[in-house]
Protein chains: 2
Amino acid sequence: MIRLLTGDCETELAGLADESVALVVTSPPYADARKNIYGGVHPDKYVAWFLPKAEQLRRVLRPDGTFILNVKEKVVDGERHTYVLELIKAMRAHDWRWTEQWIWHKRTSMPGKWPNRFRDAWEHCLQFNKRRDFRMNQDAVMVPIGDWAVTRMANLSDEDKRRRPSDTESGFARKVANWKNRDMVYPTNVLHLATECGNKKHSAAFPLALPEFFIKLFTQEGDTVLDPFCGSGTTGVAAVQLGRDFVGIDTMAKHIAIAREYIAKVSPPA
Amino acid sequence: MIRLLTGDCETELAGLADESVALVVTSPPYADARKNIYGGVHPDKYVAWFLPKAEQLRRVLRPDGTFILNVKEKVVDGERHTYVLELIKAMRAHDWRWTEQWIWHKRTSMPGKWPNRFRDAWEHCLQFNKRRDFRMNQDAVMVPIGDWAVTRMANLSDEDKRRRPSDTESGFARKVANWKNRDMVYPTNVLHLATECGNKKHSAAFPLALPEFFIKLFTQEGDTVLDPFCGSGTTGVAAVQLGRDFVGIDTMAKHIAIAREYIAKVSPPA
DNA sequence: GTTCCGCATGAATCGATAG
DNA sequence: ACTATCGATTCATGCGGAA
């Protein structure tokens with residue numbers, strides 16, 4: 001079942017039953033001093049803005065559920081702003097357990113260089129839980145042995161397959177396929193994913209592989225996945241493709257329309 | 001010039017002149033780690049333990065200098081401990097600017113499988129400065145396009161060539177060779193380095209490439225680099241090889257002896 | 001003299017057991 | 001009830017012995 005709601009998640013979540021959601025994966029609008037644009041929230045006010053929404057998320061989340069929060073830090077006046085640190089501290093004060101800090105290491109190199117810093121190539125994926133013993137299906141996200149194999153696979157899938165199709169027929173590609181039959185190992189807490197540029201119409205906050213990973217890891221088929229800032233619906237697509245129910249909320253009707261269209265194109269596993 | 005001092009850096013630093021150090025790169029004993037060697041610092045007391053030392057570091061650091069602090073988080077009772085967050089906050093309260101948070105993505109990390117987490121494959125490298133306009137030689141650390149390819153090539157050349165010799169004949173290896181002749185680009189704030197196990201006698205906190213990177217980026221030849229927890233002297237080796245002066249401090253005479261021996265084996269650039 | 005295979009070992013964490 | 005200790009688990013790497 002798919003539900004897409006237009007409005008502020010703080011109020012829209014009232015329609016969801018207590019403890020009905022297995023996983024929340026979301027990427028709220030990043031803190032931004034420019035208030036005109038969509039979702040702009042001043043960094044200094046970010047925590048106060050976010051906490052009441054987190055309170056609602058806490059209510060609808062199952063006791064063994066997980067909340068994955070993708071946030072990016074922001075540089076203000078040449079310094080990293082501390083709102084992410086403050087957010088973690090505040091969430092803990094509100095009884096959330098800060099279980100893990102996943103790192104999304106972004107592969108795609110966007111041009112950009114500043115006088116005193118390089119390109120920011122990573123983002124936080126903070127994992128919060130209600131209880132120490134949450135549900136986790138580790139076997140669902142195993143990867144081929146050897147990180148270097150994963151890296152090559154990732155690169156094959158974005159650039160090389162398109163530009164050098166012949167390579168995929170070469171011994172190398174065949175060997176990669178073989179490795180899949182070898183031993184699989186558990187991944188680490190660093191997600192080494194390329195940023196996605198597939199859909200030109202709407203830029204997604206994160207690549208499909210990111211919600212996919214967490215959905216496989218923290219839910220089972222039939223569970224409900226929630227994205228309270230769903231934007232163009234990347235989380236919804238991943239959820240539906242994996243046979244999970246989805247609830248998506250966004251303040252902009254335009255975004256919900258795009259998400260609806262986007263999600264309609266995919267189907268659950270056979 | 002190389003100075004190696006045995007003792008607590010908090011007191012030993014008194015022998016250094018104000019504003020005489022261009023760069024501090026260090027990896028203090030992690031909270032509760034290496035109990036048998038350093039005596040261990042409880043995570044809850046880590047900030048209080050560290051701050052007075054940071055005060056001395058601040059005194060000897062030049063106004064345009066940089067302080068790189070490599071710390072690892074620790075899991076306590078199934079939750080990430082917040083001492084790193086507290087440390088950042090405390091440093092800011094003591095007038096340090098938290099300029100950047102580099103991520104050291106460890107290619108090989110300690111194995112282990114637990115019911116509710118995977119391996120921790122990254123560490124913080126916190127960058128603190130006194131002023132907004134610190135010195136940074138960005139061109140000194142440029143890397144070939146597709147840095148990952150170079151890394152892979154290095155790996156191919158030792159282990160993989162032997163175990164998977166056919167790989168070197170594949171399209172992959174040929175492509176890597178081509179990239180080596182391409183343009184150089186600026187790196188990102190994610191350092192993708194393998195942990196070093198080269199010296200079996202003493203395990204280093206970080207691979208040589210890590211201090212090397214920061215020394216090239218933040219200092220010039222003839223500048224002084226300081227490591228107040230120098231251990232077996234990895235930072236010193238990098239500094240000397242790059243023609244910088246070095247001051248290393250450690251509480252254990254045994255470590256200083258190893259560092260002295262280790263550093264004596266290398267020489268400045270011709 | 002090479003190449004290959006086996007194995008010990010880490011900046012770890014959890015759960016159980018013992019004091 | 002709370003702390004301390006120990007065994008089980010995991011995998012990239014380098015070294016040494018064997019083929």
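Below, chains carry the letters A, B, ... as their sequence lines are ordered, and counting in each starts from 1.
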Which of these nucleotides, [options], is closest to any side-chain atom of [X]?
X: B:Arg117; options: C:dA11, C:dG15, C:dT13; answer: C:dT13
X: B:Met110; options: C:dC14, D:dT13, C:dG10; answer: C:dG10
X: A:Val185; options: C:dT13, D:dC11, C:dG15; answer: D:dC11
X: B:Val75; options: D:dT10, D:dC11, C:dT13; answer: C:dT13
X: B:Pro111; options: C:dT13, D:dT13, C:dG10; answer: C:dG10
X: A:Tyr186; options: D:dT13, C:dC14, D:dC11; answer: D:dC11

Name the nucleic acid region contacted by B:Pro28, choosing base, sugar-phosphate or nothing; use a 4.0 angstrom heavy-atom cut-off, strictly under.
base

If the cut-off is 4.0 Å, is B:Arg107 near the phosphate of D:dT13, judged by side-chain N/O to OP1 or OP2?
yes

Taking only side-chain N and O atoms of B:Arg119, does any of them lie within less than 4.0 angstrom of OP1 or OP2 on D:dC11?
no

State, without any angle test, whether B:Thr26 and B:Asp227 hold a side-chain donor-acceptor pair at a distance under 3.5 Å.
yes

Exactly one of B:Val185, B:Asn189, B:Thr188 clears side chain to side chain contact (heavy atoms under 4.5 Å, CB included) with A:Arg119, and that residue is B:Thr188

Integer-rounded Å distance: [N] [atom2] and [X] [atom1]:
X: B:Glu79; N: C:dC14; atom1: CD; atom2: P; value: 11 Å
X: A:Met142; N: D:dT9; atom1: CE; atom2: C1'; value: 13 Å
X: B:Arg80; N: C:dA12; atom1: CZ; atom2: C1'; value: 12 Å
X: B:Asp120; N: D:dT10; atom1: CG; atom2: C1'; value: 14 Å
X: A:Arg132; N: C:dC14; atom1: CZ; atom2: P; value: 5 Å
X: A:Gln138; N: C:dC14; atom1: CD; atom2: P; value: 11 Å
X: B:Lys113; N: C:dT13; atom1: NZ; atom2: C1'; value: 12 Å
X: A:Met136; N: C:dC14; atom1: CE; atom2: P; value: 11 Å

Do any N or O atoms from the side chain of [X] and from the backbone of [Y] form a donor-acceptor pair under 3.5 angstrom?
X: B:His124; Y: B:Leu126; result: no
X: B:Arg59; Y: B:Leu13; result: yes
X: A:Asn70; Y: A:Cys125; result: no

Kindly assign one of parallel, tilted or perpendicular to the pair B:His105 and B:His192, based on the angle between their ring planes and the thresholds 30° and 60°.
parallel

Are the ring centres of A:Phe206 and A:Trp104 closer than 6.0 Å?
no

If you pin B:Asp77 and B:Ser27 to their nearest nucleotides in DNA chain C, which one's is more 5'?
B:Ser27

Here DNA chain D, pairs taken as Watson-Crick or G-U under 3.5 Å and shown with ( ), [ ] when crossing and | when to another strand, reads .||||||||.|||||||||

Excluding sequence neighbours, so at least two apart, what forms side chain to side chain donor-acceptor pair (under 3.5 Å) with A:Arg62?
A:Asp64, A:Asp223

